[in-house]
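Data first, discussion second: the structure below is written as structure tokens.
Chain naming here is simple, since letters A, B, ... match the order of the sequence lines and numbering starts at 1 in each.
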Amino acid sequence: MSERKVRVRFAPSPTGALHIGGVRTALYNYLFARQNGGQMILRIEDTDSTRYVEGAERYIIDSLRWCGIEIDEGVEQGGPHAPYRQSERKAIYLKYALQLVESGNAYYAFDTPEELDTLRKEMESRGKTFSYNYAIREKLATSLHLSKQEVQERIARGDQWVIRFKMPADQTVAMEDLIRGEVEINTSTLDDKVLYKSADSLPTYHLANIVDDHLMEISHVIRGEEWLPSLPLHYLLYRAFGWSDTQPEFAHLPLLLKPSGQGKLSKRDGDKLGFPVFPLRWVAPNGEVSRGYREDGYFPEAFINMLALLGWNPGTEQEIFSMQELIDAFSIDRVGKSGARFNPDKAHWFNAQYMHAADDRRLAALYEPMVVAHGHSCSHENALRIVSQIKMRATFPDEFWGLSSFLFEAPVAYDDKAQKKYWKGDAPKVVAALREVLAMIEPFTLAEMERVCHAWIAENEIPMGLVMNAFRLAIVGEAKGFGMFEMCEVLGKEQTLARLDRALAALPKE
RNA sequence: GGUCGGUUCGUCUAGCUGGUCCAGGACGUGAGAUUCUCAUUCUCAAAAUCAUGGGUUCGAAUCCCAUACCGACUACCA
């Protein structure tokens, strides 16, 4: 068992956008696969033709790619077990369902959904819960007590049928979960789940899932906690097929909870929670648009880092992890057992960390189009200079322009508050003198400005705060911006002197 | 209702085999320091009777039981 090749799978169903809980499940699968030199498989579970949403599969693939979660085998890259879309594997499932009927582990049931519905309502109106199980199945139209001939006839004349698992009564199933440990359950509390539907010739999740995991040689199933209740069925299915010896190990991840109210986060939460629930922007078939982390300005590395720590922790105080570091540090037994609420503030913090550490060239590529969009131009050299300064003050790229627009638009007025605070005493005279010093500096570079001006300031014993704040007011028009000489270098000598002259003329002399 | 799972600062969590935990870290919050504005950075602070009640034990956040609360599941959905 321990020698077994690690093969994990992420198996979403294309019923809409993938929410962050799903992304986290995919991530944990991926980390586990990579850490163990195993394979990561993407299987599309589209066995519910009625809930299929156009574009969802594309969205899932794009999302994983943006996150940096690489797929080894799947609908796009193919692989030894292709196809990886269950709708394209239709042909293989019936055989297995029939095999179960043959071996007495399953049976045909001819009830229509409507019949079951009325039965269910009837029971409920009498205060009882309806469960399709050992107690009731003998009374319904099933192959369990119908003659072989009648079963054949019904099928032949096109009656709708379904194959249900024959859940044994009063057996204890002992299961092992990598996160929760031993879990036991009595089968009498379980019902006869539908495995195959004749209506669309498609299996249900349970059958398709077990068959495909077996066929695809999956070694570990890492999925959401909502699947824990069906784990006994899955165990029994493996047993019925005679596959228990190669049955995968299971790990059920705690759920991601809604931040305010209660309940698990769902894709229907879309855009209503005050933070994105989806990695990428999603336009639903009904036209409803939900924002995404990518469009909100999150770096994929930050998004992944944040998600990885939501439910898992390394046991150390390290919080910033690259994908490779996550791969090295991840372990399933350090995944928590309880559901986690998502914290938008912490997500911001993670993004800010990546922003501050981001490569200037990467940020400049984001910045330059913004400058152009605002009707200005900027040399690549200056973009790099600007971005290296403003990134320390930003959390998201969309703050860039607000943090630097004054470099492209000279002040037309001077902030009153800043004037009162900084344009007083010797300030006007000092700035006038500084203008002359700057005028003589050649080349007009950061290093040169610092060298000359700092010497001048020291020599004349001028308080740093006095010069710089007044200087800032003159250049920017208010008390904002980054380093003065850094800004002047971007502005260039001509613009710097022009702004000084204008300020000296517009502001009070004393 | 039934079955299963969970329960440590507002939030994410450390705490795995009981003592060094009158519970540690991070986010957020407050205060201060540094600084040419802002931001960064740094320091400090407030913040959890470890859901509650019983055990077991010399000793429990850590083991056991019960209760409460929360969640998942309970479809011819995944």
Side-chain angles (χ1 to χ4, degrees), chain A residues 11-15 45-48 50-51 109 111-113 116-117 120 124 127-132 160-164 175 177 179-180 183-186 188-191 193-200 202-206 208-209 223-232 252 254-255 257 259 262-264 306 309-319 333-334 336-350 352 356 389-395 403 415 418 421-422 457 463-473 476 478-485 487:
Chain A
S13 73
T15 57
E45 308 222 326
D46 52 350
T47 54
D48 185 355
T50 63
R51 291 208 310 156
D111 329 270
T112 66
L116 290 178
D117 220 44
R120 191 169 286 123
E124 276 165 12
K128 292 182 183 168
T129 27
F130 174 78
S131 180
Y132 205 118
Q160 293 254 310
W161 51 269
V162 114
I163 292 175
R164 304 188 91 113
M175 298 158 291
D177 181 272
I179 293 172
R180 271 147 241 280
V183 181
E184 281 192 356
I185 191 156
N186 187 293
S188 291
T189 63
L190 273 17
D191 59 356
K193 279 277 178 291
V194 171
L195 299 178
Y196 194 89
K197 331 160 241 178
S198 71
D200 52 8
L202 244 22
T204 62
Y205 170 84
H206 303 291
N209 191 263
R223 81 234 286 202
E225 193 188 348
E226 70 268 29
W227 292 110
L228 197 49
S230 48
L231 185 56
H252 290 88
L255 266 15
L257 276 16
Q262 293 131 329
K264 69 169 175 174
M306 177 270 297
L309 272 305
L310 210 54
W312 169 83
N313 80 83
T316 66
E317 286 181 5
Q318 182 178 354
E319 292 207 273
D333 44 56
R334 290 207 64 88
K337 291 183 173 65
S338 49
R341 242 172 288 272
F342 172 77
N343 182 191
D345 279 334
K346 189 96 181 204
H348 287 173
W349 178 81
F350 271 112
H356 299 165
Q389 294 293 309
I390 59 180
K391 70 178 179 184
M392 296 315 289
R393 289 160 241 269
T395 297
L403 252 14
D415 184 68
K421 201 164 174 190
Y422 302 121
I457 288 166
M464 198 67 158
L466 178 76
V467 228
M468 293 308 217
N469 285 318
F471 185 20
R472 180 178 300 280
L473 175 66
V476 180
E478 52 189 309
K480 69 177 197 186
F482 44 93
M484 281 313 299
F485 298 128
M487 290 197 289

Which part of the nucleic acid, if any, lies within reach of [X] when heavy atoms closer than 4.0 Å are counted: base, sugar-phosphate only, or nothing?
X	answer
A/K480	base
A/W161	nothing
A/F482	base
A/V476	nothing
A/T112	base
A/G311	sugar-phosphate

Work out which heavy atom in [X] is nearest to a heavy atom in [Y]; give both atom names and the distance.
X	Y	result
A/L202	A/T47	CD2-O, 3.6 Å
A/E478	A/A418	CA-CB, 4.5 Å
A/E319	A/K346	OE2-NZ, 3.1 Å
A/A479	A/Y422	CB-CE1, 4.1 Å
A/L231	A/R223	CD1-NH1, 4.1 Å
A/T204	A/V194	OG1-O, 2.7 Å

Would you find a donor on one side and an acceptor on the other, under 3.5 Å apart, between the side chain of [X] and the backbone of [Y]?
X	Y	result
A/R341	A/L257	no
A/D177	A/H252	yes
A/N469	A/G465	yes

So which nucleotide does [N] pair with, by the Watson-Crick or G-U wobble rule with both distances under 3.5 Å?
N	result
B/rA45	B/rU29
B/rU20	none
B/rG2	B/rC73
B/rU67	B/rA51
B/rA78	none
B/rC9	none

Roughly how many Å apart are [M] and [N], using the [atom1] atom of each and rounding to a whole number?
N	M	atom1	result
B/rA46	B/rU41	C1'	22 Å
B/rC9	B/rG28	C1'	12 Å
B/rG71	B/rA66	P	22 Å
B/rA48	B/rG24	C1'	12 Å
B/rA14	B/rC50	C1'	12 Å
B/rU67	B/rU11	C1'	27 Å
B/rA47	B/rU13	C1'	15 Å
B/rA75	B/rC69	P	24 Å

OP1 or OP2 of [N] sitting under 4.0 Å from any side-chain N/O of [X]?
X	N	answer
A/K346	B/rG10	no
A/R393	B/rU41	no
A/K391	B/rA39	no
A/T129	B/rU74	no
A/R164	B/rC76	yes
A/N313	B/rA14	yes

From [atom1] of [X] over to [atom2] of [N], roughly how many Å is that when rounded to an integer?
X	N	atom1	atom2	value
A/L257	B/rG10	CG	C1'	15 Å
A/I179	B/rG6	CD1	P	11 Å
A/L228	B/rC4	CG	P	11 Å
A/H348	B/rA39	NE2	P	17 Å
A/F471	B/rC36	CZ	P	14 Å
A/W349	B/rU40	CH2	C1'	14 Å
A/R223	B/rA72	CZ	C1'	13 Å
A/K128	B/rG2	NZ	C1'	15 Å

**Prompt:** Mapping A/Y196 and A/L310 onto RNA chain B by nearest heavy atom, which one lands closer to the 5' end?
**Reply:** A/L310
**Message:** Reading RNA chain B from 5' onward, which residue's closest nucleotide shows up sooner: A/W312 or A/D345?
**Reply:** A/W312
From [options], pick the nucleotide closest to the side chain of [X]?
X	options	result
A/N469	B/rC36, B/rG6, B/rA78	B/rC36
A/E225	B/rG24, B/rC76, B/rG71	B/rG71
A/R341	B/rA72, B/rU3, B/rU11	B/rU11
A/E226	B/rA78, B/rU74, B/rU7	B/rA78
A/R180	B/rA72, B/rG6, B/rA78	B/rG6
A/L255	B/rC4, B/rG71, B/rG24	B/rG71
A/N343	B/rC77, B/rG6, B/rG10	B/rG10
A/Y205	B/rG5, B/rA78, B/rU11	B/rA78
A/R472	B/rC76, B/rC73, B/rU37	B/rU37

**Stepwise side chain to side chain contact (heavy atoms under 4.5 Å, CB included) test for A/L473 and A/K421** = CA-CA 10 Å; A/L473 175 66; A/K421 201 164 174 190; over 6 Å; no
**Message:** Can you see whether A/F482 has A/R393 sitting over its ring - NZ or CZ less than 6.0 Å from the centre and within 45° of the normal?
**Reply:** no
**Prompt:** Under 30°, 30 to 60°, or over 60°: which ring-plane class applies to A/H206 and A/W227, parallel, tilted or perpendicular?
**Reply:** perpendicular
Please write out the pairs of protein N or O atoms and N or O atoms of nucleotides 63-68 of chain B separated by less than 3.5 Å, giving the distance to one decimal.
none

